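Beneath this line is the structure, given in structure tokens, with notes to follow.
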Amino acid sequence: MKKNFFIAFEGIDGSGKSTQVKLLKEKLEAAGLKVYTTCEPTDSPMGKMIRDVFNHRMEADHRTIAALFVADRLDHLLNKTNGILKMLADGYTVITDRYYLSSYAYQSPYMDLDWVIKANSLSADLLRPDLNIYIDITPEVSIDRLNKGRTSIELYETLENLQNVSTKYAEIIELLKNEEKILIIDGNRSVEDIAADIWINIQKQFIGEMQ
Ligand code: ADP
Ligand code: TYD
């Protein structure tokens with residue numbers, strides 16, 4: 001019987017997560033799996049509130065933002081209609097564009113990392129990813145891509161911020177290397193090369209279950 005997996009993509013803004021989520025979904029579906037893709041912040045009312053803050057339509061303190069992410073994530077897991085736990089129970093492999101490692105990296109410059117980890121422990125205890133895929137890209141390449149693709153700049157999308165977040169990701173990956181399964185992928189390459197690298201690793205990781 002095929003097992004279904006939970007995979008979380010991580011990386012700084014513009015690292016190519018959503019591009020790779022889409023390509024991995026296609027490959028897994030071609031391999032015969034049912035795949036559900038999702039993202040954080042979500043489309044729930046809480047996720048919308050977060051996006052309003054990020055798009056400067058609403059103002060909120062960084063502590064409030066951190067708490068909103070915690071709540072949005074719990075709803076992302078537990079929502080009875082399309083929550084991740086329900087989709088997994090229905091036999092879908094779930095791929096999310098961002099999960100709790102994003103909060104560890106993005107909120108910890110403003111909040112104590114221990115607090116962020118503790119506040120997210122309800123989610124981590126409910127569901128840890130079978131695999132986190134961290135797309136490692138330099139902040140300079142990322143800003144360049146974002147400037148080409150978008151007209152408005154979100155809250156955390158400055159070079160200085162992305163450098164901070166990138167450093168935090170590196171620290172967190174080192175800190176959690178024994179607790180979390182984290183695959184680091186060099187994202188400073190072509191879309192196709194990155195997708196091929198991810199696919200080789202996914203096959204290696206889940207080979208028994210996917211046959
Ligand atoms: P994220 O979801 O991590 O913010 P996206 O997948 O939306 O990143 O990619 C950000 C921008 O960079 C998009 O315009 C996308 O088309 C482009 N892009 C994604 N991957 C690559 C790549 N490997 N090389 C060049 N441009 C890329
Ligand atoms: P997202 O829409 O994924 O941005 P991008 O596609 O550019 O990566 O996420 C929006 C922003 O939310 C992004 O700057 C990262 C931030 N974020 C946090 O600060 N904490 C979190 O827990 C999550 C999930 C995202």
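What you see is a predicted model, and the numbers here were worked out from it, not measured in a lab. Only heavy atoms go into these numbers, but all of them, side chains included; no hydrogens, no water, no symmetry mates. We count ligands from 1, going down the list as the structure has it; atoms in each ligand are counted the same way.
- Contact atoms of ligand 2 toward K17: 5 (P), 6 (O), 8 (O) (distance under 4.0 Å to a heavy atom of the residue).
- Residue-level proximity to ligand 1 for I194 is carried by the side chain, the only part with a heavy atom below 4.0 angstrom.
- Ionic pairing of K17 and E10 is not present here: no N-O contact between side-chain nitrogen and carboxylate oxygen is shorter than 4.0 angstrom.
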Verify side-chain hydrogen bond (donor to acceptor under 3.5 Å, both in side chains) between H62 and Q107, making sure each step is shown before the conclusion.
CA-CA 8 Å; H62 288 292; Q107 271 63 62; over 6 Å; no
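- Salt-bridge annotation for K48 and D52: absent, with no side-chain N of the basic residue lying under 4.0 Å from a carboxylate O of the acidic one.
- Nearest to atom 18 (C) of ligand 2 by heavy atom, out of Y99, Y104, F69, Y110, is F69.
- Residues D136 and Y169 fail the side-chain proximity criterion, which asks for heavy atoms closer than 4.5 Å.
- Residue R98 touches ligand 2 through its side chain alone, judged by heavy-atom distances below 4.0 Å.
- If you look at F69 and Y106, their ring centroids are not closer than 6.0 Å.
- Counting heavy atoms of neighbouring residues, nucleotides and ligands inside a 6.0 Å radius, atom CZ of R63 does not exceed 12 of them.
- The number of heavy-atom neighbours closer than 6.0 Å to NZ of K27, taken from other residues, nucleotides and ligands shown, is above 12.
- Between the choices L101, D13, V165, T19, the shortest heavy-atom distance to atom 7 (O) of ligand 2 belongs to D13.
- By the 3.5 Å distance cut-off applied to N or O atoms, G187 is not counted among the residues near ligand 1.
- Contact atoms of ligand 2 toward R51: 2 (O) (distance under 4.0 Å to a heavy atom of the residue).
- Residue Q20 does not touch ligand 1, judged by heavy-atom distances below 4.0 Å.
- Within ligand 1, counting atoms from 1 as listed, the ones closer than 4.0 Å to a heavy atom of S190 are 23 (N).
- The shortest heavy-atom distance from K148 to ligand 1 is not under 4.0 Å.
- Which parts of ligand 2 touch P41 is read off a 4.0 Å heavy-atom cut-off, strictly below it: atoms 9 (O), 10 (C).
- Under the 4.0 Å criterion applied to side-chain N and carboxylate O atoms, E174 and K177 are assigned as salt-bridge partners.
- The contact set between ligand 1 and S15, taken as ligand atoms under 4.0 Å from a residue heavy atom, comprises 3 (O), 8 (O).
- Between R73 and ligand 2, a contact under 3.5 Å exists for at least one N or O pair.
- For ligand 2, the atoms sitting less than 4.0 Å from at least one non-hydrogen atom of Q107 are 18 (C), 19 (O), 20 (N), 21 (C), 22 (O), numbered in the order shown with element in parentheses.
- Using a 4.0 Å cut-off between a side-chain N of Lys or Arg and a carboxylate O of Asp or Glu, D90 and K34 do not qualify as a salt bridge.
- Across S18, S103, A8, heavy-atom proximity to atom 22 (O) of ligand 2 is greatest for S103.
- For K148 and D144, the salt-bridge test passes: some basic side-chain N is under 4.0 Å from an acidic carboxylate O.
- Ligand 1 places these atoms under 4.0 Å from at least one heavy atom of R189: 22 (C), 23 (N), 24 (N).
- If you check each of F9, F54, Y100 against atom 11 (C) of ligand 2, the one with the closest non-hydrogen atom is F54.
- Taking a 6.0 Å sphere around CZ of F6, one finds it holds more than 12 heavy atoms contributed by other residues, nucleotides or ligands.
- Considering each of R145, E192, E10, K17, the one bringing a non-hydrogen atom nearest atom 17 (C) of ligand 1 is R145.
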